[in-house]
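First comes the structure, then the notes that go with it.
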Amino acid sequence: MKKATIGLADEEQIKQWKEGCKLGIYSVEVGGHIGYFREPEITDLNAGMATITKDNPLDYYIIVGRDTYIGGSKELFENPKLQRDFIETIKEKTEGKKGKLVNL
């Protein structure tokens, strides 16, 4: 028997979140836990960037994650092992899609 995912939302809740988040939502699953997040806006990214220091460069991802968190398991932020894996996953999301630069 498969273990239940901690923090799993039902379809109705996901639908409500989608309606309230103009840029969309996504989920992150780590170690049997799931968290739901709205797509970060520029203000979220700026708030995260303001926290970066040479001693705490990963705080950026935690701040963006906390600021865009809409539901699910809070263990992603509280459990050190889950937090480490969460950072690696959300890092992909915050880096965004790369455009193509062409010198003319």
Gap between atom [atom2] of [Y] and atom [atom1] of [X] - 0.5 Å precision:
{"X": "Lys91", "Y": "Tyr60", "atom1": "NZ", "atom2": "OH", "result": "11.5 Å"}
{"X": "His33", "Y": "Ser27", "atom1": "NE2", "atom2": "OG", "result": "14.5 Å"}
{"X": "Tyr61", "Y": "Arg66", "atom1": "OH", "atom2": "CZ", "result": "16.0 Å"}
{"X": "Gln16", "Y": "Asp10", "atom1": "CD", "atom2": "CG", "result": "8.0 Å"}
{"X": "Ile90", "Y": "Leu58", "atom1": "CD1", "atom2": "CG", "result": "12.0 Å"}
{"X": "Ile6", "Y": "Leu82", "atom1": "CD1", "atom2": "CG", "result": "8.5 Å"}

Problem set entry | Sole candidate of Asn79, Val30, Leu76 that passes side chain to side chain contact (heavy atoms under 4.5 Å, CB included) when paired with Asp85 | Val30

Problem set entry | Option passing side chain to side chain contact (heavy atoms under 4.5 Å, CB included) with Phe37 (candidates Ile25, Val28, Asp44) | Val28

Problem set entry | Within 6.0 Å of CD1 in Ile42, more than 12 heavy atoms from elsewhere | no

Exercise. Got a sec: does the CD of Glu11 have more than 12 other heavy atoms crowding it under 6.0 Å?
Worked result: no

Of all the heavy-atom pairs spanning [X] and [Y], show the shortest one and how long it is.
{"X": "Ile34", "Y": "Gly7", "result": "CG2-C, 3.4 Å"}
{"X": "Leu45", "Y": "Pro40", "result": "CD2-CB, 4.0 Å"}
{"X": "Ala47", "Y": "Asp67", "result": "CB-OD2, 3.9 Å"}
{"X": "Gly48", "Y": "Val64", "result": "CA-CG2, 4.1 Å"}

For this session: For the pair Lys22 and Glu39, find out whether any cationic side-chain nitrogen is under 4.0 Å from an anionic carboxylate oxygen.
Result: no

Verify, without hydrogens or angle tests, whether [X] (side chain) and [Y] (backbone) share a donor-acceptor contact under 3.5 angstrom.
{"X": "Arg38", "Y": "Lys18", "answer": "no"}
{"X": "Thr53", "Y": "Asn56", "answer": "yes"}
{"X": "Gln83", "Y": "Phe77", "answer": "yes"}

Exercise. Think Lys74 forms a cation-pi with Tyr69, using NZ or CZ under 6.0 Å from the six-ring centre and within 45 degrees of its axis?
Worked result: no

Problem set entry | Aromatic plane relationship, Tyr36 with Trp17 - under 30° parallel, 30 to 60° tilted, over 60° perpendicular | tilted

Problem set entry | Ile52 with Ile63, same ILVMFWY side-chain cluster at under 4.5 Å | no

